[in-house]
Amino acid sequence: MANGTCKWNETALLVIDMQNDFVGSPMLAASAKVIVPTVAETVSLARERGIFVIWVVREIDPLGRDVELFRKHHYSNGQGLAIKGSKGAELVEGLKIEEKDYKLVKTRFSAFFNTHLDAVLRGSGINRLVVVGVQTPNCIRQTVFDAVSLDYEHITVIVDATAAATPEIHSANIRDMENVGVATPTLQEWTCSVA
């Protein structure tokens, strides 16, 4: 997987959880905010290349009825993260869903778990994925490992367009993904790659 040449018309960009509540989270604060311009640049380049852009977001029920069991207590008073319709569930400033893009709402860490993402990708002729967003050990990693299990031909994680609570956590998870054949270029390296 790591050495494949990209075919842009067979590639989708998954932009994961780049929402106000996650990027502004005290757990991520500095590292997540730093990647916003790089994520925006990745999205722009993907659109130039004709890559299918998919925005993967959480829009959680105000009462937490669709959230993981371990998080339910945060929603008992309607105060949890990324509540549907809230400012916290919106994309961060500088990122915008365009008409040709696709928005997928997930309820768990993986964008594939209990969603129609695989059907949308396969139906669009997609077998190569590029992944950006937050947070590396949770939603990025789970989505990537599910994509590996689903036999996507080539998976790329842009290392400077993803973030975790600390550089050490980010690096450890990137190494784990590299160990299963995932390509992990910087945006600059990916920018220089050709179809």
Side-chain angles (χ1 to χ4, degrees), residues 1-8 10-58 82 90-98 101 104 106 109-112 126 128-148 152-195:
M1 275 185 280
N3 296 322
T5 302
C6 283
K7 299 175 185 174
W8 306 132
E10 297 175 4
T11 304
L13 172 66
L14 303 181
V15 184
I16 299 178
D17 292 346
M18 291 300 293
Q19 297 163 266
N20 288 316
D21 275 351
F22 298 126
V23 173
S25 164
M27 290 187 327
L28 286 175
S31 60
K33 289 177 183 171
V34 167
I35 69 164
V36 173
T38 309
V39 170
E41 191 176 341
T42 304
V43 170
S44 178
L45 180 59
R47 288 179 177 142
E48 286 174 25
R49 290 177 169 176
I51 291 172
F52 184 20
V53 178
I54 300 176
W55 299 87
V56 180
V57 298
R58 299 283 301 250
E90 294 175 7
L91 294 177
V92 296
E93 188 175 331
L95 300 179
K96 184 180 178 213
I97 299 173
E98 292 188 359
D101 298 346
L104 177 88
K106 65 182 174 74
F109 292 137
S110 174
F112 288 100
I126 302 298
R128 297 164 181 265
L129 302 175
V130 178
V131 181
V132 299
V134 294
Q135 133 153 262
T136 312
N138 300 335
C139 300
I140 303 299
R141 180 186 175 112
Q142 287 292 115
T143 298
V144 165
F145 274 81
D146 281 353
V148 169
Y152 279 85
E153 187 177 313
H154 189 267
I155 304 162
T156 300
V157 173
I158 307 293
V159 294
D160 53 346
T162 50
T166 69
E168 295 79 17
I169 292 170
H170 180 67
S171 295
N173 282 276
I174 292 296
R175 271 193 308 279
D176 285 347
M177 289 184 272
E178 289 171 341
N179 287 338
V180 295
V182 174
T184 57
T186 63
L187 175 58
Q188 180 61 42
E189 292 164 341
W190 187 67
T191 299
C192 295
S193 62
V194 293

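- The distance from the NE2 atom of His170 to the OG1 atom of Thr162 is 3.5 Å, given to the nearest 0.5 Å.
- Going from atom OG1 of Thr11 over to atom CD1 of Ile51 covers 5.0 Å, rounded to the nearest 0.5 Å.
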> Between Glu90 and Gln19, is a side chain to side chain contact (heavy atoms under 4.5 Å, CB included) present by the stated rule, with each step listed?
Replying inline: CA-CA 5 Å; Glu90 294 175 7; Gln19 297 163 266; over 6 Å; no
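- When atom types are taken as modelled, the side chain of Asp101 and the backbone of Glu98 share a donor-acceptor pair closer than 3.5 angstrom.
- The side-chain contact (heavy atoms from CB on, under 4.5 Å) test with Leu13 is passed by exactly one of Ile54, Ile158, Val130: Val130.
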>> Pair Thr143, Val56 - check side chain to side chain contact (heavy atoms under 4.5 Å, CB included), show working.
In response: CA-CA 10 Å; Thr143 298; Val56 180; 5.9 Å; no
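- For the atom pair CG (Leu45) and CH2 (Trp190), the distance works out to 4.5 Å, reported to the nearest 0.5 Å.
- Under the 30°/60° scheme for interplanar angles, the aromatic rings of Tyr152 and Phe112 are found to be tilted.
- In plain terms, the two heavy atoms of Phe145 and Asp176 that are nearest each other are CZ-O, 3.9 Å.
- Of all the heavy atoms in Ala161 and Thr38, the pair that sits closest is CB-CG2, 3.9 Å.
- When all heavy atoms are compared, the tightest approach of Ala165 to Ile169 is CB-CD1, 4.3 Å.
- Between Pro185 and Thr156 the shortest heavy-atom distance is CD-CG2, 3.4 Å.
- Residue Ser110 comes nearest to Asp146 through the heavy atom pair OG-OD2, 2.6 Å, listed as atom of the first residue, atom of the second, then distance.
- When atom types are taken as modelled, the side chain of Asp160 and the backbone of Thr186 share no donor-acceptor pair closer than 3.5 angstrom.
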>> Using the rule given for side chain to side chain contact (heavy atoms under 4.5 Å, CB included), can you reason through Lys106 versus Ile16, listing the C-alpha separation, both sets of side-chain angles and the distance that settles it, and then say yes or no?
In response: CA-CA 10 Å; Lys106 65 182 174 74; Ile16 299 178; 4.2 Å; yes
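- Taking CD1 of Ile174 as the reference point, atom CD1 of Ile140 lies at 8.5 Å (rounded to 0.5 Å).
- Side-chain contact of Thr136 with Asn173: a donor-acceptor pair under 3.5 Å is absent, judged by distance alone.
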> For Leu91 and Lys96, what are the C-alpha separation, side-chain angles and deciding distance, and is it a side chain to side chain contact (heavy atoms under 4.5 Å, CB included)?
Replying inline: CA-CA 7 Å; Leu91 294 177; Lys96 184 180 178 213; 5.7 Å; no
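- Put simply, the side chain of Ser44 never gets that close to the backbone of Ala40: no donor and acceptor are under 3.5 Å apart.
- Annotation: side chain of Arg128 is not in contact with side chain of Trp8 (no heavy-atom distance under 4.5 Å).
- In terms of heavy-atom proximity, Cys139 sits nearest to Val134 at CB-O, 3.8 Å.
- Residues Val36 and Glu93 form no side-chain contact, since every pair of their non-hydrogen atoms from C-beta on lies 4.5 Å or further apart.
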